[in-house]
Amino acid sequence: MKVFTALYGPVDAAERARALRDAGADGVATFEGPHDVFAPLTLAATVGGLDLMTNVAIAFPRNPIHLAHQANDHQLLSGGRFFLGLGTQIRPQIEKRFGAAFDHPVARMTELIAALRAIFQAWNSGGPLEFRGEYYRHTLMTPTFSPGPNPFGPPPIYVGALGPRLTRAVAGHADGLLVMPFGSKRFLHENTLPAVRDGLAAAHRGPGEFAVIPEIIVSAGSDAGAHASTRRLLAFYGSTPAYRPVLAAHGWEDLQPELNAMSKRGRWQEMGGLIDDEMLHTIAACGTPKQIAAHIRDRVDGVSDTVCLYQPSPIGLQTLSEILNELR
């Protein structure tokens, strides 16, 4: 099993990446949080033997040309081991935090993937750039601004998705699906995978042409206090209407509006108390390294040979090494 683990901010990113590699990680992934999503990977690219992934870079505030240059450069820096992971985020974040447009997110993401492919094709073939869509238009690429052919080829494009419409579109157009960390085995098998199969069939693609990479929240420790931050994380996700279907798959949908109301009153610390043990252990892989590995294997068996470990807070290198050894 190939395992990606979290690489946080740019400070000491190369040293951290080297330590994670030595602990047994196959790759490192970044997320769009308090730091830039690409900068840590630029530094980690100096460390050999690691795959690199944005999981995820928020797509809509960025222009496809910007994304293409960043992805192409990281493909070069890593020697062909970079994966461009994109995400839509949710409307309030895109419109209020980024000040960008969120209308028709499925169609917009589908077109953005096509625009990236057209840009990569122009660079690698030397041909003209001629992409005209509803949301993106790229019709000029002079030699001055073209990096030329990438010796490692264009980087694969993965997209994070939860809802059925976007999941089907990703299966039809992208190279892989990044399964959201707020999930469960039941939701993966009963909601996500059927949508993937529908999308592949509609695009006349086979399963071998598409990767499914689950990201699983990991909470190491045996005492109740060890999981407090994970309960708060699950409460944060659960407060968002977009994640209500995951709760509904287990009959917990009534919790979502309650958490949402608490979040609007700023009661973040209290929200974690509503996440009971059943919910905690259904959504997150908790406990000892052996218990965590067993949860992950059970969830992804027959689905994927690659996983990303989502850590509410950094796991100690020794514990992480034990988890990776158990997975293998």
ring-ring contact (aromatic ring centres under 6.0 Å, His included) contacts touching residues 183-222 (sequence neighbours left out): none
Under 3.5 Å donor-acceptor pairs involving side-chain atoms of residues 152-170, not counting sequence neighbours:
from	atom 1	to	atom 2	distance (Å)
Thr167	OG1	Gly163	O	2.7

Passing candidate, side-chain hydrogen bond (donor to acceptor under 3.5 Å, both in side chains) with Gln93, options Glu95, Arg97, Gln89: Arg97
Check: Glu270 main-chain N/O paired with Arg232 side-chain donor or acceptor under 3.5 Å: no
Ion pair check, Arg18 and Asp12, cut-off under 4.0 Å: no
For Leu77, the rest of its hydrophobic cluster, which grows through side-chain links under 4.5 angstrom: none
Pairwise distance CG(Asn72) to CZ(Phe120) - rounded to 0.5 angstrom: 6.5 Å
Only pairs under 3.5 Å count here: list side-chain donor-acceptor contacts from residues 312-324, not counting sequence neighbours, and write none if there are none.
from	atom 1	to	atom 2	distance (Å)
Gln318	NE2	Glu322	OE2	3.1
Ser321	OG	Ala23	O	3.3

Those residues that, when tested against Asp301, pass salt bridge (charged side-chain N to carboxylate O under 4.0 Å, His left out) (two or more places apart): none
Side-chain H-bond candidate by donor/acceptor type, Ser219 with His227, under 3.5 Å: yes
Ring center gap for His74 and Phe38 short of 6.0 angstrom: yes
Under the ring pair (Phe, Tyr, Trp, His ring centres under 6.0 Å) test, residues paired with His69 that sit two or more places apart: Trp123
Salt bridge (charged side-chain N to carboxylate O under 4.0 Å, His left out) involving Arg186 - partner list, sequence neighbours excluded: none
Non-neighbouring partners of Arg137 that pass salt bridge (charged side-chain N to carboxylate O under 4.0 Å, His left out), sequence neighbours left out: none
For residues 24-33, run the donor-acceptor check on the side chains, cut-off 3.5 Å, and write out each pair with its distance to 0.1 Å, sequence neighbours left out.
from	atom 1	to	atom 2	distance (Å)
Asp26	OD2	Val3	N	2.8
Asp26	OD2	Arg328	NH2	2.5
Thr30	OG1	Val37	O	2.6
Glu32	OE1	Ile58	N	2.9
Glu32	OE1	Arg62	NH1	2.8
Glu32	OE1	Arg62	NH2	3.3
Glu32	OE2	Arg62	NH2	3.2

Cluster check Ile296, Met279: I/L/V/M/F/W/Y, side chain < 4.5 angstrom: no
Where at least one partner belongs to residues 277-324, residue pairs that pass ring-ring contact (aromatic ring centres under 6.0 Å, His included), sequence neighbours excluded: none
For Arg108, all residues meeting salt bridge (charged side-chain N to carboxylate O under 4.0 Å, His left out), sequence neighbours excluded: Asp103
Positive for side chain to side chain contact (heavy atoms under 4.5 Å, CB included) with Lys185, one of Val303, Val300, Asp298: Asp298
Please set out all donor-acceptor pairs under 3.5 angstrom arising from side-chain atoms of residues 235-254, sequence neighbours excluded.
from	atom 1	to	atom 2	distance (Å)
Ser239	OG	Phe236	O	2.7
Arg244	NE	Glu253	O	3.4
His250	NE2	Ser184	OG	2.7

